[in-house]
Amino acid sequence: QVQLVESGGGSVQWGGSLTLSCTASGRISSINAMGWYRQAPGKERELVASVNSGGLTNYADSVKGRFTVSREGAKKTVYLQMNSLNPEDTAVYYCYLNGVRGGSFLPTNYWGQGTQVTVSS
């Protein structure tokens, strides 16, 4: 069983910063990508940022220049550094991993439980 555990969520003021972390555990044969999605009330879940096995990063247009995603491969950990936060960033943030579990052959998406980020004025 693959498990992802997030930490670092909380409440900050407009313009503040926050860093999320996520560590995967379990029998993981290979990792293709790790990153973060978020979902705000009344909105669809959207990709925030990701980094693949080659180090290529991808960001939503709304967070470019403010958020930075990074990964420590040896520890199966991904981070999301969030700066210049605004109320539109308020959402539940979900860590994900795309990879192959030990004993399997095809890549699968795995999800964390979600962590709340609230940005107040």
Asker: Working to the nearest 0.5 Å, report the span between OG1 of T23 and CE of M34.
Answerer: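 T23 OG1 to M34 CE: 7.5 Å, rounded to 0.5 Å.
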
Asker: How long is the straight-line distance from CG of L85 back to CG of L18, given to the nearest 0.5 Å?
Answerer: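 Rounded to the nearest 0.5 Å, the CG-CG separation comes out at 6.5 Å.
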
Asker: Starting from V48, can I reach Y79 by hopping between I/L/V/M/F/W/Y residues whose side chains sit under 4.5 Å apart?
Answerer: no

Asker: Quick one: are R71 and I31 in side-chain contact, heavy atoms under 4.5 Å?
Answerer: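 Counting from C-beta outward, R71 and I31 do come under 4.5 Å.
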
Asker: Hey, could you give me each pair passing disulfide bond (SG atoms under 2.5 Å apart) that has a residue in residues 52-121? Not counting sequence neighbours.
Answerer: C22-C95

Asker: What heavy-atom pair brings A91 and A40 nearest, and what distance separates the two atoms?
Answerer: CB-N, 3.8 Å

Asker: In Å, rounded to the nearest 0.5 Å, how long is the span from CD of Q3 to CG of L97?
Answerer: 12.5 Å

Asker: Evaluate the side-chain hydrogen bond (donor to acceptor under 3.5 Å, both in side chains) criterion for residues E44 and Q39: first the C-alpha distance (whole Å), next the side-chain angles of each, then the deciding distance (0.1 Å), finally the verdict.
Answerer: CA-CA 6 Å; E44 300 251 331; Q39 187 168 25; over 6 Å; no

Asker: List for me each residue that meets salt bridge (Lys or Arg N to Asp or Glu O under 4.0 Å) alongside K43, sequence neighbours excluded, and say none if there are none.
Answerer: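 Checked K43 against salt bridge (Lys or Arg N to Asp or Glu O under 4.0 Å); zero matches.
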
Asker: Do Y93 and V12 belong together in a cluster built from hydrophobic side chains that touch within less than 4.5 Å?
Answerer: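 Y93 clusters together with V12.
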
Asker: When you check the side-chain N and O atoms of T90 and T118, is any donor under 3.5 Å from an acceptor?
Answerer: no

Asker: So, do F105 and V100 sit near enough that their side-chain heavy atoms are less than 4.5 Å apart?
Answerer: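 Sidechains of V100 and F105: no contact.
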
Asker: For T57, give me all partners under side-chain contact (heavy atoms from CB on, under 4.5 Å), at least two apart in sequence or on another chain.
Answerer: V51, Y59, V69

Asker: Are the side chains of V119 and Q13 in contact, using a 4.5 Å heavy-atom criterion?
Answerer: no

Asker: Given T115 and L20, is the side chain to side chain contact (heavy atoms under 4.5 Å, CB included) satisfied, shown in steps?
Answerer: CA-CA 9 Å; T115 184; L20 307 181; 4.2 Å; yes

Asker: Do we get R45 above W111's six-membered ring, with its NZ or CZ under 6.0 Å from the centre and within 45° of the axis?
Answerer: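 Because its charged atom sits under 6.0 Å from the ring centre and within 45° of the axis, R45 does stack over W111.
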
Asker: To the nearest 0.5 Å, how far apart are CD in Q81 and CZ in R66?
Answerer: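 Reported value, rounded in 0.5 Å steps: 12.5 Å.
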
Asker: If the condition is side-chain contact (heavy atoms from CB on, under 4.5 Å), which residues does V92 pass it with, not counting sequence neighbours?
Answerer: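 Once residues adjacent in sequence are excluded, the partners of V92 under the side-chain contact (heavy atoms from CB on, under 4.5 Å) criterion are Y94, Q116.
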
Asker: Which atom names give the shortest non-hydrogen contact between S17 and S84, and what distance separates them?
Answerer: OG-N, 4.4 Å

Asker: When rounded to the nearest 0.5 angstrom, what distance separates CG in N83 from OG1 in T19?
Answerer: 7.0 Å

Asker: Would you kindly confirm whether V117 and V63 end up in one hydrophobic cluster when ILVMFWY residues are joined by side chain heavy atoms under 4.5 Å apart?
Answerer: yes

Asker: Answer whether the closest heavy-atom distance between the side chains of N98 and T108 falls below 4.5 Å.
Answerer: no

Asker: Sequence neighbours left out, what pairs pass salt bridge (Lys or Arg N to Asp or Glu O under 4.0 Å) with at least one residue falling in residues 13-38?
Answerer: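 Those involving residues 13-38 are R38-E46, R38-D89.
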
Asker: Once ring pair (Phe, Tyr, Trp, His ring centres under 6.0 Å) is applied, what residue pairs with a partner in residues 4-35 remain, sequence neighbours excluded?
Answerer: none

Asker: Run the ring-centre check on Y96 versus Y110 and record whether the distance is less than 6.0 Å.
Answerer: no

